[in-house]
Amino acid sequence: MKIRDITSGAQPPEKFSNLKLGKEKTYAAGIPAVINSLKHVANYMSASAATKTMFKINQKGGFDCPGCAWPDPDDERSPLGEYCENGIKAIAEEAQRTTIGKTFFAKHSIAEMRQWSDFELGKKGRLAQPMVLNEDASHYVPISWNEAFQLVGDHLNALASPDDAIFYTSGRTSNEAAFLYQLFVREYGTNNLPDCSNMCHESSGVGLSTTLGIGKGSVTLEDLHEAEVIMVIGQNPGTNHPRMLSALEKCKQNGGQIITVNPLPEAGLMHFIHPQSPSKLISGGTPLTDLFLPLKIGSDIALLKAILKLLWKEERKSPGSVFDMDFIRTKTIGFNDFLVELESYDLNQLIEETGLPFELIQEAAVMIQHKKKIIICWAMGLTQHKFGVQNIREVVNLLLAKGSIGKPGAGTCPVRGHSNVQGDRTMGIWEAPKEEFLTKLEEVFDFVPPRKHGYPVVDAIKAMYHRNAKVFFAMGGNFLSATPDTEYTAKALQNCDLTVHVSTKLNRSHLIHGKKALILPCLGRTDVDIQENGAQFVSVENSMGVVHSSQGVLNPPSDQLKSEPYIVAGVAKATLAHNSKIDWTKMVSNYDFIREGIEKTIPGFEDFNTRIRKKGGFYLPNCNREQKFDTPSGKAHFTVNQLPDLSIKPGNFVMMTIRSHDQYNTTIYGMDDRYRGIYNERRVILMNAEDMQGSGLKVNDVVHLTNQFGGQTRRANSFKVVPFDIPRSCVATYFPEANVLVPIDSVAKKSKTPTSKWIEISVEKE
Ligand SMILES: Nc1nc2c(c(=O)[nH]1)N[C@H]1C(S)=C(S)[C@@H](COP(=O)(O)OP(=O)(O)OC[C@H]3O[C@@H](n4cnc5c(=O)[nH]c(N)nc54)[C@H](O)[C@@H]3O)O[C@H]1N2
Ligand SMILES: Nc1nc2c(c(=O)[nH]1)N[C@H]1C(S)=C(S)[C@@H](COP(=O)(O)OP(=O)(O)OC[C@H]3O[C@@H](n4cnc5c(=O)[nH]c(N)nc54)[C@H](O)[C@@H]3O)O[C@H]1N2
Ligand SMILES: [Mo]
């Protein structure tokens, strides 16, 4: 049998490690966080590399942490680097000194490596040299860079149409690499540029741009410090954006209050002990959450509507005291339709949907009733739902009613994931580019970019599945494991003629491949990048629209690694040959030339090469910050968002797939979900104790999970049951182990984001 016909091994192996349960934590960080991150450093990095990196992380003039997209303070920064436990783990993972090259790949066949877990795959070391998997071969073998570029070029040129190729991007790619990449892809002739955003904050982009006229959040870090109330909805910052806890702490110190909306009592939101303030260790740290609303998965719209109804009731009693009627009159449209719809709901029904006691919702309403400076922060708990876009629009409704946008201490705060996911979009990594952008590209680079919109992630998978796309190229990421419906996506990738991955680390996507496959190893954030004109730096944009530079400090682990811009230029030259209008060699000789191209094409980057050299970088323009709304009406839009149908079959559960404290998306740092007290095992299902009893389940029982959707059955076998503080009929599993259960066709309306936080499943005992 040909290797590529085997789908098994697409999913992580269904085997257990050794579950150990401890106590759920009630606070984040402190000494255990420091010890934990140092363990990772000691395991994977040399002492000199560790010292070099630790003091440069997120420093002005240092490199940007490859972890999350949380911004750095504009002013003072801690001398130890803007430290966080998970940032250190991200660096230790990338800066790992062990390398894997031809000896490793000669020793281990594809079939063997498929049996390894994501954790095992990631720990093998940094990819050291370009490798190719020839047709029907069992092992990857070395290939030269030039031959690799030519192989890609030949395949792309052999396609009937450029639209038969897919160019994916994960969100670590720098602005320079991203700009060059989309430039090549569009000169080649397609807009097939799906990215991880499609699975992440796409619902935020759609929800915000259609109501407020910009797809990005409006607040700055300073605003968080100044807010009177911050609502953190559907986000677990203690794990995924640890440095955000310092901002929440400052808000509290300034007298602000925090409302947390989450089915789980995430430790990081409850109590925070700053790892760099020893005195706080003694005092026990800062309590963060003032009010915790443990609602049922997916009931955020019901909750927000209930709060809005209670606020409206107070407003009517004393007009002008609760809603900002002046703002509503002058800056918004759609208020009346919104009110009519709001009034049509029965408060009791809304409350019932959330599963929360009335008193808690009432308390939330009282907390914000007379406040004017409100910020709402959110992440995947809101976006990865069928009604993800509506979730965001309802958040906007609340902020608009309170006039809480475009003034200090108030506004929208979608907290981005990957460290440059927001920048990649700004650079044009988007399957649905705006006409203004394409016109500008045409004017500056003198070629005609394609106008037809390309495939977002889910459509790209379907196109490959149906053989409407035959070449898959990934700039970073782990497409197979990050996308939904693992078995379906596996077939899609296997249907390709060529799959190419520009990567730093080995992952499952290298092992579930097309007829031929390439691994192109690249430099990471922490590595020194030398090109023809000397050492280069790159730039990134954080979650709050600050563009700043990033320069690696470590010698690359192998002398065969190339930078992402260099790889793009290599592929472009091999593909477009003399037909290109762009001098690719010059562009990568000195990234200032790429930045010149960015400056000419994208608004907000005036004088880019000078401003990027200023320590701390610069803010991109953001119309919402000036209470301007770039919508067709020039006003902010209230919207009418119907209450979604949350019903499920009796006996079934709603499953959300979440991150443990010890992973970065599909990269598993370790096996300890420390804050949740779950150790040494990832194949677990968190269940409410009463639900367990109702289903005759005990702790440690092994269950199989099934999803029925669109006439098809998806199964994920062997999960251990863990009793957890989670609302009735809700369960949680880890991403990516449970991705096999996320149906390819279950996506958010309008944003097409897979519904990774809402999967109806049945649970059956082994
Ligand atoms: N260390 C680390 N950092 C990361 C990442 C990582 O994997 N590891 N990933 C990065 C990326 S790409 C991203 S996008 C972000 C992700 O950051 P988060 O969005 O914080 O990550 P998730 O684990 O997906 O957590 C979602 C949270 O939403 C809650 N939730 C789920 N469903 C609902 C719901 O219906 N309503 C409400 N109100 N809450 C709900 C869950 O309980 C959980 O606390 O983090 C980034 N940073
Ligand atoms: N069920 C479920 N599925 C989800 C989610 C969920 O919550 N639940 N979350 C979704 C979200 S929010 C996101 S953002 C996606 C993430 O999807 P991806 O971005 O595709 O996945 P990652 O796991 O972040 O990618 C890790 C790989 O990136 C490569 N890499 C790391 N650094 C670099 C670099 O600097 N350059 C290059 N070229 N490669 C690098 C390494 O080889 C590593 O193996 O997953 C989505 N999938
Ligand atoms: Mo993400």
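Order of listing sets the numbers, starting from 1, for every ligand and every atom in it. Excluded from the calculations below are hydrogen atoms, water molecules and symmetry mates; all remaining heavy atoms, backbone and side chain alike, are included.
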Checklist line | Electrostatic pair K123:D118 at N-O distance under 4.0 angstrom | finding: no

Next item on the list: For P71 and M544, work out which heavy atoms get closest and say how close.
Entry: CG-SD, 3.3 Å

Checklist line | G476 neighbourhood, listing ligand 2 atoms whose heavy-atom distance to it stays under 4.0 Å | finding: 37 (C), 38 (N), 39 (N)

Note to self: Taking the six-membered ring of W116 as reference, does the cationic atom of K124 (NZ for Lys, CZ for Arg) lie under 6.0 Å from its centre and within 45° of its axis?
What the structure shows: yes

Check: Salt bridge check: are K216 and E541 linked by an N-O gap of less than 4.0 Å?
Finding: yes

Next item on the list: Heavy-atom contacts with C522 under 4.0 Å: which atoms of ligand 2 show up? List them by number with element.
Entry: 36 (N), 37 (C), 38 (N)

Notebook entry, point to check: Just heavy atoms, cut-off under 4.0 Å: does V502 contact ligand 2 by side chain, backbone, both, or neither?
Noted result: both

Notebook entry, point to check: Is any N or O atom of E564, backbone or side chain, closer than 3.5 Å to an N or O atom of ligand 2?
Noted result: yes

Check: Under 30°, 30 to 60°, or over 60°: which ring-plane class applies to H385 and F387, parallel, tilted or perpendicular?
Finding: parallel

Checklist line | ligand 2 contact on H501 by region, counting heavy-atom pairs under 4.0 Å | finding: neither

Check: Atoms of ligand 2 less than 4.0 Å from N507 heavy atoms?
Finding: 27 (C), 42 (O), 43 (C), 44 (O)

Next item on the list: Indicate yes or no: does E202 engage K752 in a salt bridge with an N to O separation below 4.0 Å.
Entry: no

Item checked: Sequence-distant partners of D485, side chain to side chain donor-acceptor pair (under 3.5 Å), two or more places apart -> R714

Checklist line | E93/K505 ion pair, N-O < 4.0 Å | finding: yes

Notebook entry, point to check: Taking the six-membered ring of Y664, is NZ or CZ of R172 closer than 6.0 Å to its centre and within 45° of its axis?
Noted result: yes

Item checked: Contact atoms of ligand 2, heavy-atom distance to Y168 under 4.0 Å -> 17 (O), 18 (P), 19 (O), 20 (O)

Notebook entry, point to check: Can you check whether F472 and H501 have ring centres sitting under 6.0 Å from each other?
Noted result: yes

Next item on the list: Below 4.0 Å from any atom of ligand 1, which residues have a heavy atom? Give them in chain and number order, please.
Entry: C68, N86, C200, I233, G234, Q235, N236, T239, N240, H241, V261, N262, P263, L264, E266, L295, I297, G298, D300, A379, M380, G381, H385, G417, H418, M656, I658, R659, Q663, Y664, N665, K757

Notebook entry, point to check: Does G477 reach ligand 2 with a nitrogen or oxygen that is under 3.5 Å from one of the ligand's nitrogen or oxygen atoms?
Noted result: yes

